[in-house]
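Step one of this worksheet: look at the structure below.
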Amino acid sequence: MSANELVAIRMLNNSLSKAEYWIRRHSATLRGEAGPSKGNGRFSSGLPDLRVDVFCILHESDPCFDPTGENLVATLDGLSVLASATETPEERCLDECEPLRHALSDMHMFRLFRDLCEHGIACNWEELVRIGEISVQISPGQTARLRRGA
């Protein structure tokens, strides 16, 4: 992994940490209506369609970027952030992804970053560096867009 790739991955982790903060902050009004459901660890409310989607979008400089397209690299379920708000953060560090684990051993990896690496892109760091923007949508209607490094 090159130094530029490592910087891009660290900046992505930082953007995903900001997305986690945004999710927690903007879900506070929903938490006032309902709290975490018991038993399944997922956020629940009276709204059957409650969703928290985190979209990882291609960087504008990527050769495959289409200004008129969605440019999705991965979509994550942000409900895990709400369910984990009271949990102790995991210290596990990408056990399944040896190259990433060693290259980033000094970095605190946030939940969304781990979810992206382990499930969203199956530990492919070449895909990680292609991500330039994170978009979060909490239905009904709250949306935030965060550029890598912003």
Side-chain angles (χ1 to χ4, degrees), residues 1 5-37 40-62 64-97 99-101 103-104 107-150:
M1 221 178 308
E5 289 171 329
L6 287 171
V7 168
I9 290 170
R10 289 172 186 274
M11 289 171 55
L12 175 61
N13 183 56
N14 186 50
S15 293
L16 287 167
S17 75
K18 290 177 183 181
E20 287 186 20
Y21 174 78
W22 192 90
I23 290 167
R24 286 187 182 103
R25 191 180 72 184
H26 284 81
S27 68
T29 56
L30 295 173
R31 283 183 189 268
E33 298 172 14
S37 64
N40 65 6
R42 293 180 61 88
F43 187 78
S44 173
S45 80
L47 304 171
D49 62 342
L50 177 65
R51 293 178 56 122
V52 180
D53 293 312
V54 180
F55 303 102
C56 301
I57 302 167
L58 277 178
H59 197 281
E60 291 176 356
S61 65
D62 191 280
C64 296
F65 183 83
D66 177 4
T68 61
E70 288 184 334
N71 299 301
L72 285 178
V73 175
T75 302
L76 305 171
D77 182 0
L79 285 174
S80 66
V81 172
L82 296 176
S84 70
T86 58
E87 294 176 5
T88 306
E90 285 183 39
E91 293 303 323
R92 183 176 55 82
C93 180
L94 300 170
D95 293 333
E96 302 84 13
C97 308
L100 282 176
R101 185 171 66 97
L104 303 172
M107 181 177 80
H108 172 76
M109 296 180 194
F110 291 89
R111 175 173 290 281
L112 287 175
F113 184 82
R114 286 191 314 268
D115 288 351
L116 175 63
C117 291
E118 294 173 355
H119 306 292
I121 59 163
C123 301
N124 184 343
W125 69 82
E126 292 168 356
E127 289 296 305
L128 280 178
V129 299
R130 296 180 70 201
I131 297 170
E133 186 172 319
I134 305 296
S135 177
V136 180
Q137 183 174 15
I138 299 177
S139 57
Q142 295 283 342
T143 302
R145 290 179 77 93
L146 305 161
R147 294 202 186 276
R148 183 177 71 205

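Below, each value reflects all heavy atoms present in this structure, side chains not excepted, and no hydrogens, waters or symmetry copies.
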Inset, instruction - Please name the pair of heavy atoms, one in Phe55 and one in Gln137, separated by the smallest distance, quoted to 0.1 Å. - result: CE1-OE1, 3.9 Å
Inset, instruction - Calculate, to the nearest 0.5 Å, the distance between atoms CD and CD1 belonging to Glu70 and Ile57 respectively. - result: 9.0 Å
Inset, instruction - Please name the residue in the list Ile134, Leu112, Ile131 that meets the side-chain contact (heavy atoms from CB on, under 4.5 Å) test with Ser15. - result: Ile134
Inset, instruction - Give the minimum heavy-atom separation between Leu76 and Gly120, together with the two atoms involved. - result: CD2-CA, 4.3 Å
Legend entry - Straight-line distance of Cys64 SG to Arg130 CZ, nearest 0.5 Å: 4.5 Å
Inset, instruction - Report the relative orientation of the aromatic rings in Trp22 and His26; use parallel for angles under 30°, tilted for 30 to 60°, perpendicular for over 60°. - result: parallel
Legend entry - Beyond-backbone contact of Val81 with Val54, side-chain heavy atoms, under 4.5 angstrom: no
Legend entry - Sole residue of Leu116, Val7, Val129 in side-chain contact (heavy atoms from CB on, under 4.5 Å) with Leu12: Leu116
Inset, instruction - Using atom types as modelled and distance alone, determine if a side-chain donor or acceptor of Glu5 lies under 3.5 Å from a backbone N or O of Trp125. - result: no
Legend entry - Rounded distance (nearest 0.5 Å) linking atom OG1 of Thr68 with atom CG of Asn71: 8.0 Å
Legend entry - Nearest-0.5 Å distance that lies between atom NE2 in His119 and atom OG1 in Thr75: 14.5 Å
Inset, instruction - Show your working on side chain to side chain contact (heavy atoms under 4.5 Å, CB included) between Phe113 and Ile9 and close with a plain yes or no. - result: CA-CA 9 Å; Phe113 184 82; Ile9 290 170; 3.5 Å; yes
Legend entry - Minimum side-chain heavy-atom gap Cys56-Leu72 below 4.5 Å: no
Legend entry - Spacing of CE belonging to Met109 relative to CZ belonging to Arg10, to within rounding of 0.5 Å: 8.0 Å
Inset, instruction - Flag yes if more than 12 heavy atoms outside Tyr21 fall under 6.0 Å of its OH atom; otherwise flag no. - result: no
Legend entry - From CD1 (Ile121) to CG (Asp115), nearest 0.5 Å: 11.5 Å
